[in-house]
Amino acid sequence: MTKPHTFEKPTGFRDFPPPLASKKRMIEHRVQTRFELWGYQEVCTPTLEYYDTVGNASAIPEQKMFKCIDREGNMLVLRPDQTAPIARLVSSVLKHEPLPLRLFYHASVFRAQENEAGRNAEFYQSGVELIGESGAEADAEVIALAIEALQACEIRQFQLTVGHVGLLDGLIRERVDDEDVRIRLKEDLGRRDVVGFRERVQHLNIGEAAKEELLSLPRLIQNRRHLSGLASRSGSPVVLDAVRYLEEVWSHLEDHGLASYVSFDPSLVGSLGYYTGVYFEGYAAGQGFPLLSGGRYDRLYDSFDRPLAATGFALKTDRLMEACPVTANEPEKVGLFYHPSAKKQAIEQARRMRQEGRIVVTHRLTSGKKTARYAGIYDRLLIIGEGGVQDV
Amino acid sequence: MSDLTIAMPKGRIFEEALALWRKAGLPAPPDLDADSRKLIVSLPGANLSFFLAKPMDVPTYVEYGVADLGVVGKDVLLEVSRDVYELLDLKISPCRIAVAGMPDWSPPLHPRVATKYPGIAERYFKEQGQQVEVIHLNGSIELAPLIGLADRIVDIVSTGKTLRENGLVELEQITTVTSRLIANRASYRLKNELIHSVCDRLAKVVQRGVVV
């Protein structure tokens, strides 16, 4: 590789010039307000973690992590997600805090992407974790909060799709005995390869009716009736439990008045082996990529020797910035030019105007300094001199 | 904005896909033919719009959501890893990806493979435990063994005519290929009913085994 130009950045990393930075801050501020009103508290964790602890526990595969070595020779990773570091934090520093814990974060996460142009290696997430609370009501709470967060960003026309790991596993397990095949089927769905899934089902040595049931899995279930239909055709307690659970989540969301934003899809799969129950993704019209994802991950805390039920979600801040139609509302920006003799008055004037919430930048007027060339920077130009303040 | 935007691949697959589309009773553009210079055709009555793209680019358009649906060969999906829903095997443009070489090919000391599909080739030879140098070419792959750039090629074979004409034979088959209907992740959710109805109608035609 040749030496990079002085202006270059490592592949997949970005700068945020002021308009982008202010939009990011606005999004974070809006969702943070919602998070806080629901009782969530902010935490920050280090950018670097041990590979053996957080890296190992993370849902992100090892080949997607940035790694480096510290002075003692330990392997470190740039935090690949925020959920695993928070699990470490809750299992150590917050060990004696009463449960459940409601925590939120704004952080960038790092993923080494295959040499693919346009995919970010560092991207921003804002998210919540509800730790030490199992049950449908907790899942419904984070889904409701996810919807509120999207509403807070004024996202028009969005939808959350909810799946359930146990439901899918139960439905497949009922009809397929071979564990290898079961995993393959779930991997097909995880890769969104419906064609591969169908082919595998067609080649299974099972009855036609069972095949039909499996083939109909990649269909959205829009309402509760369909969901109970799934249960009525199944004798498996795992499936019945999952259906009952989802029905409970659904009815909580109805109580929140938010059920219309949600649909169920039994074939929706998150990271295999990580999520343990409800899993969900959020989409908005005109946006090709999901705006958020989350779910229940009751086994992660085992890795930190503190078995706890947990659920949460992460908003993809970069996607939200694109989807959010609002631009940050900046206060009036004033350029205040003063004659050297009126410096004190200028400072006093600027202080007053800042108290009123205006942005004020002061400039000393020297011979030859043209105020006109500042017209593009400020909303308003003021000159302050012996004779007082006047607009330009 | 149209209810559905569909990315169609220029070239080989296009005619067959369009014929299938029409057989399924789906509104298809009358004047969109492969020679047309026009890139985008809208059907306002049906709220559909089509555009033509390089086959390799179809999954990219769909992944980013500028197209809700796309038609593309499995070869392309295997080559470019894009996060899209693969909804339906349209069973059109059947062919295979194969390793080909001279009839008297024997493993050389420094095996070289020329291909339009470096990703597929790398993965295949790695899985076979073979150490080869993969050379990426953009076309006329058959030329490579003839002039000594590579001793083998990895390419699409449908009838085998091109190989024969160049004195090459198929040595190993990597996989079979047909065209697929793909969908954007968000569109699949937000336009679910519409996409499923298109998918179901196409599936019926495909199932009837209509050879186009």
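Note on naming: letters A, B, ... go to the chains in the order of the sequence lines (proteins, then strands), and numbering restarts at 1 for each one.
Atoms CD1 and CZ, on I182(B) and R192(A) in that order, are 12.5 Å from each other to the nearest 0.5 Å. Distance OH/Y188(B) to OG1/T161(A): 9.5 Å, rounded to 0.5 Å. The structure places CG of D265(A) at 8.0 Å from CG of N192(B), a figure rounded to the nearest 0.5 Å.
Your options are L77(B), V66(B), L87(B), and the one with the most heavy-atom pairs under 4.5 Å with chain A is L87(B). Taking N184(B), L88(B), V80(B) one by one and counting their heavy-atom pairs under 4.5 Å with chain A, the maximum is reached by N184(B).
Atom CZ of R14(A) sits in a crowded spot, with more than 12 heavy atoms from other residues, nucleotides or ligands closer than 6.0 Å. Residue-environment remark: CD (Q128(B)) exceeds the threshold of 12 foreign heavy atoms within 6.0 Å. Within a 6.0 Å sphere centred on CD of Q202(A), other residues, nucleotides and ligands contribute more than 12 heavy atoms. Other residues, nucleotides and ligands place no more than 12 heavy atoms under 6.0 Å from the CZ atom of R184(A).
When heavy atoms are compared at a cutoff of 4.5 Å, D89(B) approaches chain A by way of both its backbone and its side chain. For R180(B), the part sitting under 4.5 Å from any heavy atom of chain A is the side chain, from C-beta outward, and nothing else. For V62(B), no part sits under 4.5 Å from any heavy atom of chain A, backbone or side chain. Contact of L190(B) with chain A is made through backbone and side chain together, with heavy-atom distances under 4.5 Å.
Nearest heavy-atom pair, A186(B) versus A284(A), reported as atom, atom and distance to 0.1 Å: CB-O, 4.5 Å. Considering every non-hydrogen atom in both R185(B) and G288(A), the closest pair reads CB-O, 4.3 Å.
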Please assess R189(B) against E281(A) for the test salt bridge (charged side-chain N to carboxylate O under 4.0 Å, His left out), listing each intermediate value before the final yes or no. CA-CA 10 Å; R189(B) 300 292 166 201; E281(A) 291 177 348; 5.0 Å; no
